[in-house]
Amino acid sequence: PAAIKKTKVGFITFDSSVHFYRINNVQKPQILVVPDIESPYAPCSREHILVPFEEIKNSNIMQSLFNLWPTMFSDNMRPVRSALGAALQAAYLTLKPTGGKIIVLSNTLPTCGFGTLANRFDPKFVNTDKERNYYAPHNQNYSRLAEQCAISKISIDMIVNAQSFVDIATLNSVCKYTGGRLQYDNAVFLNRDQEKVVQMIEQSLINTVGYEALLRLRCSNGLSVDQYQGNFYSTSGFDIELPGLHSE
């Protein structure tokens, strides 16, 4: 209960632009659009974007926000451009002073703005030596963003439901270096599997997480640690930094 009282929440949505929402001291949610998806920014002070959860959990403003999204994005049932990278960067800038946790949902490849990724999948390379290229990040944009998040003690969980190629090897970098968690399912259809998607979101919301963890392994005389392997971030080579440490 004490932790919940300190918890602040904020919401960002994205298509070909990034949308913040002001939900405190207003009668209905105010949409703040960030059109610059190459160098995104927070459109107002953090106090208006991040609000205490205790103040709004039972308020009409939350329900108004959830009711707004289906109508706001009703035209996006057809394929649209996705500024996923810009939304992640905007969320990072918002949480940078304090640290925290980002939970991001996506079902398509980032196709515009910062972090744009091309569809590099070619079926003819499946079961050949070139197939292994799909299991390595395509570029370092998301790795660099993840390092910035790790330094600021920001953990990222990502939930991806897509039937098409979304370059999980590249996107997973933001979870790998921040102690976050990736949930990926390529057999989910949103018009059929709403309960399954809700369960995936709940796992990220209610899972016990420790923040700003630091791991140092000490050995007896004559032994030494040559290298660490796994999902973490390290600047010194001696300490493992985990912005988020899941109970699982």
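In what follows, every heavy atom counts, from backbone to side chain, and hydrogens, waters and symmetry copies are set aside.
Residues I31 and M72 meet the side-chain proximity criterion, which asks for heavy atoms closer than 4.5 Å.
A donor-acceptor pair is defined here as one N or O able to donate and one able to accept, closer than 3.5 Å; such a pair exists between the side chain of R120 and the backbone of N133. Proximity of a side-chain donor or acceptor of T7 to a complementary backbone N or O of F53 within less than 3.5 Å is not detected. Side-chain atoms of S152 do not come within 3.5 Å of backbone N or O of C149 as any donor-acceptor pair.
Other residues, nucleotides and ligands place more than 12 heavy atoms under 6.0 Å from the CG atom of D185. Residue R192 places its CZ atom among more than 12 non-hydrogen atoms of other residues, nucleotides or ligands, all under 6.0 Å distant.
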TODO: Before giving the answer on side chain to side chain contact (heavy atoms under 4.5 Å, CB included), spell out for Y184 and N172 the whole-Å C-alpha distance, their side-chain angles and the decisive distance to 0.1 Å.
DONE: CA-CA 10 Å; Y184 170 62; N172 186 47; over 6 Å; no
Open item on the list: side chain to side chain contact (heavy atoms under 4.5 Å, CB included) for T94 and F20? Distances and angles first, verdict last.
Closed with: CA-CA 10 Å; T94 303; F20 284 78; 3.4 Å; yes
Task: Worked verdict on L50 versus L95 for side chain to side chain contact (heavy atoms under 4.5 Å, CB included) - done: CA-CA 9 Å; L50 298 173; L95 289 176; 3.8 Å; yes
- [ ] Apply the test side chain to side chain contact (heavy atoms under 4.5 Å, CB included) to residues D122 and K130: give CA-CA distance (whole Å), side-chain angles for both, the deciding distance (0.1 Å), then the verdict.
- [x] CA-CA 10 Å; D122 191 331; K130 292 185 177 181; over 6 Å; no
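The shortest non-hydrogen separation linking V51 to N24 is CG1-CB, 3.4 Å. Taking all atoms of both residues into account, the shortest heavy-atom contact from N186 to Q163 is O-CG, 3.7 Å. Residues I23 and L65 come closest through the heavy atom pair CG2-CD2, 4.4 Å. Across all their heavy atoms, A146 and S173 have their closest contact at CB-O, 3.4 Å. Summarising the geometry of H246 relative to V209, their closest heavy-atom pair is ND1-CG2, 3.8 Å, with the distance given to 0.1 Å. Here the closest non-hydrogen pair linking S16 and A83 is C-CB, 4.3 Å.
In the hydrophobic clustering of this structure, I102 groups with L182; members are Ile, Leu, Val, Met, Phe, Trp, Tyr whose side-chain heavy atoms approach within less than 4.5 Å, directly or through other members. Residue Y21 is grouped with residue V33 when hydrophobic side chains (ILVMFWY) are merged at heavy-atom distances under 4.5 angstrom, including chains of intermediate members. The hydrophobic clustering, which links ILVMFWY residues whose side-chain heavy atoms are closer than 4.5 Å, places Y135 and F125 apart. Both L117 and V160 are part of a single hydrophobic cluster, where members link through side-chain heavy atoms under 4.5 Å apart. Linking Ile, Leu, Val, Met, Phe, Trp and Tyr residues whenever their side-chain heavy atoms come within less than 4.5 Å leaves Y233 and V174 in two separate clusters.
Looking at residues two or more places apart in sequence or on another chain, you find a salt bridge (charged side-chain N to carboxylate O under 4.0 Å, His left out) between K101 and D157.
The OG atom of S59 sits 11.5 Å away from atom CD of E54, with the distance rounded to the nearest 0.5 Å. One finds the CZ atom of R181 at 8.5 Å from the CE atom of M200 (value rounded to the nearest 0.5 Å). S155 OG to I103 CD1: the interatomic distance, rounded to the nearest 0.5 Å, is 9.0 Å.
Note on ring orientation: taking the six-membered ring where Trp is involved, the planes of F11 and F66 are perpendicular (angle over 60°, cut-offs 30° and 60°).
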Which pairs would a plain distance check flag for residues 211-222, meaning a side-chain donor or acceptor within less than 3.5 Å of a matching protein atom at least two apart in sequence or in another chain?
from, atom 1, to, atom 2, distance (Å)
R216, NE, D239, OD1, 2.6
R216, NH2, D239, OD1, 3.0
R216, NH2, D239, OD2, 2.8

